[in-house]
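Quick note on labels: first sequence line is chain A, next is B, and so on, each numbered from 1.
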Number of protein chains: 2
Amino acid sequence: MEEQFDICDYINMKEEEVKEVIRNIPSEDKLYNLSDLFKVFGDKTRIKVLYALSVTEMCVCDIARLTEMTQSAISHQLKTLKASKLVKYRKEGKATFYSLADDHVKTILEQGKNHIEE
Amino acid sequence: MEEQFDICDYINMKEEEVKEVIRNIPSEDKLYNLSDLFKVFGDKTRIKVLYALSVTEMCVCDIARLTEMTQSAISHQLKTLKASKLVKYRKEGKATFYSLADDHVKTILEQGKNHIEE
DNA sequence: CTTACATATGAGCAATTGTTCATATGAACT
DNA sequence: AGTTCATATGAACAATTGCTCATATGTAAG
């Protein structure tokens, strides 16, 4: 059995706790999805968009206008938000209206706000 | 008054909604803090660490061992987590024991998990 | 079928990020 | 003092990211 990490010699934990920690750490797959989801929230522009959409559905051009970003930048970001299933959309003529996909979005934003506001 | 964004001509919203959207978008300062907080969750290694610490406090070397990362990588990440007030620590001899700063951490992870698991 | 408008998208670039490696700090023990 | 162990930190590098710019797609109206 070879050491692959340059870490300390002793384990400062009870055998039982070690097992529970290992059991508690999600699978690589889940970690990947989870971090990917939070990455999406980790950008000012996207958070602005989400807050805007938490009021009402909006077309791309109005999102751009109210967030003070270019149409292109917003369009790129909406693609990201769509990929994470945080927003959905419907087409109406030339316009595309975006809205929040579900209530998780608001809840996650709310929890984040709680943390920074204390 | 000059146009600074290459967006559409019309506003597809009621005057009232425009006002509410503007009111609802957080200040630059708050957006900065919020996105910065979520950025911290946006990394597999840091999420692993947080899940590990959600079981029990642990010293750096044990975190490294159980997350299968190097001591240095973990130490750097703990610095980030500390800066966001997601973890706290106490020193005991040569070792430093880290633990979750509060329950928001678990709640935020929980909400994220809820979103990806549907 | 043109033209105009709304949105999407690809390439390119600067900025940010996570890891590794080497080294520094600091505590405990001889 | 010197040695060992646990942790922290700085520099460097590859990888990722968010924007801009130019252009493509698609819809509606003339």
Side-chain angles (χ1 to χ4, degrees), chain A residues 3-13 31-32 35-50 57-84 87-99, chain B residues 3-13 31-32 35-50 57-84 87-99:
Chain A
E3 270 295 351
Q4 46 179 334
F5 308 113
D6 59 332
I7 50 179
C8 66
D9 296 334
Y10 312 109
I11 294 187
N12 292 305
M13 302 169 64
L31 284 170
Y32 183 82
S35 60
D36 248 39
L37 172 68
F38 285 120
K39 256 181 214 139
V40 178
F41 284 91
D43 177 78
K44 287 203 298 180
T45 303
R46 285 190 293 264
I47 292 192
K48 257 203 254 187
V49 171
L50 293 176
E57 72 164 8
M58 294 169 71
C59 70
V60 177
C61 72
D62 283 342
I63 300 175
R65 195 196 315 270
L66 294 180
T67 57
E68 303 191 330
M69 298 290 293
T70 65
Q71 177 270 317
S72 180
I74 290 302
S75 201
H76 278 295
Q77 297 297 25
L78 285 170
K79 193 179 184 178
T80 304
L81 291 168
K82 210 165 53 182
S84 307
V87 302
K88 57 189 194 312
Y89 66 96
R90 70 181 175 85
K91 304 215 169 206
E92 187 180 317
K94 279 179 294 188
T96 309
F97 290 89
Y98 282 83
S99 54
Chain B
E3 269 297 353
Q4 46 179 334
F5 308 112
D6 59 332
I7 49 181
C8 67
D9 297 334
Y10 313 108
I11 295 187
N12 292 305
M13 301 169 65
L31 284 170
Y32 182 83
S35 59
D36 248 39
L37 172 67
F38 286 120
K39 255 182 214 138
V40 178
F41 286 91
D43 177 78
K44 287 202 298 180
T45 303
R46 285 190 294 263
I47 293 192
K48 258 203 254 185
V49 171
L50 293 175
E57 73 163 9
M58 294 169 72
C59 71
V60 178
C61 73
D62 282 343
I63 300 175
R65 195 195 316 269
L66 294 181
T67 58
E68 302 190 331
M69 300 289 293
T70 65
Q71 177 270 319
S72 180
I74 289 302
S75 200
H76 279 295
Q77 297 298 24
L78 285 170
K79 193 178 184 179
T80 304
L81 291 167
K82 209 164 53 181
S84 306
V87 302
K88 56 189 193 320
Y89 66 96
R90 71 180 176 85
K91 304 216 169 208
E92 189 180 316
K94 280 179 293 187
T96 310
F97 289 89
Y98 282 84
S99 54

Chemist: Go through DNA chain D and write down every stem, that is, every run of at least three consecutive Watson-Crick or G-U wobble pairs with distances under 3.5 Å, as range with range.
Modeler: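 The stems are C:1-30 with D:1-30.
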Chemist: dG18(C) P sits how many Å from I74(B) CD1, rounded?
Modeler: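 Value for this atom pair: 12 Å.
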Chemist: Show, in sequence, the C-alpha distance, side-chain angles and deciding distance for E68(A) and K48(A), and conclude whether the salt bridge (charged side-chain N to carboxylate O under 4.0 Å, His left out) test is met.
Modeler: CA-CA 10 Å; E68(A) 303 191 330; K48(A) 257 203 254 187; 5.4 Å; no
Chemist: How about N12(B) and C61(A): do any of their side-chain heavy atoms sit closer than 4.5 Å?
Modeler: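 Contact flag for N12(B)/C61(A) side chains = yes.
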Chemist: Return the minimal non-hydrogen interatomic distance between M69(A) and A73(A), and the atom names on each side.
Modeler: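 Scanning both residues completely, I find the closest heavy atoms to be CE-CB, 4.1 Å.
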Chemist: Whole angstrom is fine here: how far is it from CG in D62(A) over to C1' in dT7(C)?
Modeler: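 The answer, rounded to whole Å, is 13 Å.
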Chemist: Rounded to the nearest Å, what distance is computed from the CD atom of residue E57(A) to the C1' atom of nucleotide dT7(C)?
Modeler: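 It works out to 16 Å between those atoms.
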Chemist: Does the side chain of L66(A) come within less than 4.5 Å of M13(B)'s, by heavy atoms?
Modeler: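 Side-chain contact under 4.5 Å: yes.
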Chemist: In whole angstrom, give the distance that lies between atom CD of E68(A) and atom C1' of dC19(D).
Modeler: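 Roughly 16 Å, once rounded to whole Å.
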Chemist: Can you tell me the distance, in whole Å, between the OH atom of Y32(B) and the C1' atom of dA15(C)?
Modeler: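 Between C1' of dA15(C) and OH of Y32(B): 13 Å.
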Chemist: Have a look at F97(B) and say if it touches a base, only the backbone sugar-phosphate, or nothing, with a 4.0 Å heavy-atom cut-off.
Modeler: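 F97(B): no heavy atom of the nucleic acid under 4.0 Å.
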Chemist: Who are the side-chain hydrogen bond (donor to acceptor under 3.5 Å, both in side chains) partners of K94(B), not counting sequence neighbours?
Modeler: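 K94(B) satisfies side-chain hydrogen bond (donor to acceptor under 3.5 Å, both in side chains) with no other residue.
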Chemist: Can you pull every protein N or O that's under 3.5 Å from an N or O on nucleotides 19-25 of chain C?
Modeler:
unit_1  : atom_1 : unit_2 : atom_2 : d
dT19(C) : OP1    : T45(B) : OG1    : 2.5
dT19(C) : OP2    : Q77(B) : NE2    : 2.5
dT20(C) : OP2    : T70(B) : OG1    : 3.2
dT20(C) : O4     : H76(B) : NE2    : 3.4
dC21(C) : N4     : S72(B) : OG     : 2.7

Chemist: When the distance from CD1 of I63(A) to C1' of dA6(C) is rounded to whole Å, what number comes out?
Modeler: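 Nearest whole value for this atom pair: 12 Å.
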Chemist: Mind telling me whether F38(B) and F41(A) have parallel, tilted or perpendicular rings, with 30° and 60° as the class edges?
Modeler: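 F41(A) vs F38(B) ring planes: tilted.
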Chemist: Can you name the nearest heavy-atom pair linking K44(A) to S35(B), along with the distance?
Modeler: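 Smallest heavy-atom distance, with atoms named: CG-OG, 3.3 Å.
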Chemist: Taking CZ from R46(B) and P from dT16(C), how many angstroms apart are they, rounded to a whole number?
Modeler: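 In whole Å, dT16(C) P lies 16 Å from R46(B) CZ.
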Chemist: Remember a base hit wins even if backbone is also touched, and classify Y89(A) as base, sugar-phosphate or nothing at under 4.0 Å, heavy atoms.
Modeler: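 Here Y89(A) touches no strand at all.
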Chemist: Can you sort out the partners of F97(A) under ring-ring contact (aromatic ring centres under 6.0 Å, His included), two or more places apart, ordered by chain and number?
Modeler: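 For F97(A) there are no ring-ring contact (aromatic ring centres under 6.0 Å, His included) partners, ignoring immediate neighbours.
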Chemist: Quick one: which protein N/O atoms are closer than 3.5 Å to N/O atoms of nucleotides 25-30 of chain D? Pair and distance per line, please.
Modeler:
none

Chemist: When we call it a touch if two heavy atoms are under 4.0 Å apart, what does S75(A) touch: a base, just sugar-phosphate, or nothing?
Modeler: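 S75(A): base contact, heavy atoms under 4.0 Å.
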Chemist: Nearest 0.5 angstrom please: D43(A) CG to L31(B) CG, how far?
Modeler: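 It comes to 10.0 Å.
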Chemist: Holding to side-chain contact (heavy atoms from CB on, under 4.5 Å), I want the full list of residues that pass it with Y89(A), two or more places apart in sequence or in another chain.
Modeler: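 Here the qualifying residues are K82(A), K91(A), T96(A), Y98(A).
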Chemist: Using whole Å, report how far CZ of F38(B) lies from P of dG18(D).
Modeler: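 Rounding to the nearest Å, CZ of F38(B) and P of dG18(D) are 15 Å apart.
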Chemist: I'd like to check T67(A) versus T45(A) (side-chain heavy atoms, cut-off strictly below 4.5 Å). Are they in contact?
Modeler: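 No, side chains not in contact.
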